[in-house]
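A short write-up of the structure that comes next.
Atoms within each ligand, like the ligands themselves, are counted from 1 in listed order.
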Amino acid sequence: MKIIVVGATHAGTFATQQILTAHPDYDVTVYERNDTVSFLSCGIALWVGGHVSDPNKMFYSSPEALTALGATMRMQHEVTSINADTRTISVTDLATGAQLTDTYDKLVFTPGSSPIVPPLPGIKSLKLFLCKDWKDAKRLQENADSVRSAVVIGAGYIGAELAEQYALAGKQVTLIDALPRVLAKNFDQSITDRVEALYRAHGTHLALGEKVTGFEDTADGITVTTDKSTFTADIAVLAIGFRPATTLLKDQVDMLPNGAILTDDYMRTSRPEIFVAGDSAAVHYNPTGKSDYIPLATNAVRQGMLIGQNIEVATEAYLGTQATSAVELFGHCIAASGLTQEGAKARGVAAASVEIEEPYRPEFMTSTTNVLASLTYDPATRRVLGGAFYSQHDVSMSANVISMAIQTQMTIDQLAMVDFFFQPNFDQPLSWISSVALAAKARADQA
Ligand SMILES: Cc1cc2nc3c(=O)[nH]c(=O)nc-3n(C[C@H](O)[C@H](O)[C@H](O)COP(=O)(O)OP(=O)(O)OC[C@H]3O[C@@H](n4cnc5c(N)ncnc54)[C@H](O)[C@@H]3O)c2cc1C
């Protein structure tokens, strides 16, 4: 069986590992345009902030490791076209410029996503940075010490984390977003109000509800213009989201309108010999039961492994995702799984939500701190649809609990009665998850 893998960060690396572990006799060729595989971009902001022990440890595999498993690694090779009818690909060797073609029995399509770069005036400025891959990471890190001020555009997870690290390093930071709140797509306002207060307390200027219209280099920096104001800094960083990098298969397989490729439960596209995983793929979003685009490493890794499981015969189905995620900002843990109230509204899903705030462990302890917890549920079926947590205590694993509740279609009533332990070092007789579920139950009973 001849397999071609296009792209090897997370989805491609995991697929290659799993395919060759299950089928050491397969002929697997990996085409990757970079000279590395498996870069953990989630470490970029931490590296910029000086929290990474060794940047080489931001890779968990290598071309050599995949070669040792039996793969033929074609690094610095870019796939330039795919003909799904003839099962042929065209490739450019980026080191020599040579053109070649190759054929496959099955194609593993894992070229991920590309940062959104709008065609604005000045967009090609060398003082404008992106934050996606190893090359971007090195540029950002090399400039981290010399930069005194930065404008970060995009207050999603990536922009939020970079802005935090710059602020903690004492730089003058402006964080811009077209939406009216930071992390607006991840959390409801009660949490984002607190996060915004943290940024302001650390001297970050928040320019929310402002849309960037252009860039202009100055003698020693860059000016970012929005529809409301202008900001000048040493550098600007653009982190406004990602698009699936799927043009090579355009009109050849079924896609969502944004280009994310649709799959069945076994990661097969509408052409069953083509598999897709990671940021190029749509996900089955369990809270709505619909296909959605949620580019996360967690999805890429699991879907990549599933390709390996299913490449010969469809055996193991994808369970879908709740988009479970967490971030640490200014010493606070902020974590969520599933729908927020606003996310439900945006997707036309009927949802109710409750919120509680209480000390995470008993007040007789010499120290404790509050946890703010919210739970979103379907008022008709009482099923859990989402949950979010904010605290100085590490409450990140609560998001995983909510993820399991959504995955298993638990109701708020069942979640309220799950057997969670109590021990005063860790929680209250009723843990904060039980409490918020009981609050939801009480609200639903009144409705
Ligand atoms: C700064 C940052 C922080 C993040 N933090 C988190 C986090 O904390 N948790 C989390 O779950 N997710 C996080 N993510 C998201 C996560 O990194 C992505 O979901 C993940 O990288 C997707 O993996 P992938 O393999 O599908 O695609 P990609 O990472 O996009 O990799 C695709 C690979 O394909 C190669 N390629 C593309 N086109 C071609 C071609 N034509 N020919 C050959 N090779 C090609 C590319 O060079 C690349 O190596 C973060 C992302 C960023 C940018």
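- Between the side chains of S337 and Q322, not a single donor N or O lies within less than 3.5 Å of an accepting N or O.
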Give every pair made of an N or O atom of ligand 1 and a protein N or O atom lying under 3.5 Å apart, one pair per line with both atom names and the distance to 0.1 Å, or write 'none'.
unit_1	atom_1	unit_2	atom_2	d
ligand 1	11 (O)	A297	N	3.0
ligand 1	11 (O)	T298	N	3.3
ligand 1	12 (N)	A297	N	3.0
ligand 1	17 (O)	S41	OG	3.2
ligand 1	19 (O)	D279	OD1	2.7
ligand 1	19 (O)	D279	OD2	3.4
ligand 1	19 (O)	L296	N	3.3
ligand 1	19 (O)	L296	O	3.4
ligand 1	19 (O)	A297	N	3.0
ligand 1	25 (O)	H10	N	3.0
ligand 1	25 (O)	A11	N	2.9
ligand 1	26 (O)	D279	N	2.8
ligand 1	30 (O)	S113	N	3.1
ligand 1	30 (O)	K132	NZ	2.8
ligand 1	31 (O)	T9	OG1	3.1
ligand 1	38 (N)	R33	NH1	3.4
ligand 1	41 (N)	V79	O	3.0
ligand 1	42 (N)	V79	N	3.0
ligand 1	44 (N)	R33	N	3.2
ligand 1	47 (O)	E32	OE2	2.6
ligand 1	47 (O)	R33	NE	3.4
ligand 1	47 (O)	N34	ND2	3.2
ligand 1	49 (O)	T9	OG1	2.7
ligand 1	49 (O)	E32	OE1	2.8
ligand 1	49 (O)	E32	OE2	3.0

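- Looking at Q165 and H51, their side chains do bring a donor and an acceptor atom within 3.5 Å of each other.
- The side-chain contact (heavy atoms from CB on, under 4.5 Å) test applied to E357 returns R194, N370, L372, not counting sequence neighbours.
- Here A84 pairs with Y104, Q252, R271, I274 under the side-chain contact (heavy atoms from CB on, under 4.5 Å) rule; sequence neighbours left out.
- Qualifying side-chain contact (heavy atoms from CB on, under 4.5 Å) partners for T408, counting only residues two or more places apart in sequence or in other chains: M410.
- D292 has a carboxylate O that lies under 4.0 Å from a charged side-chain N of R347, or vice versa, which qualifies the two as a salt bridge.
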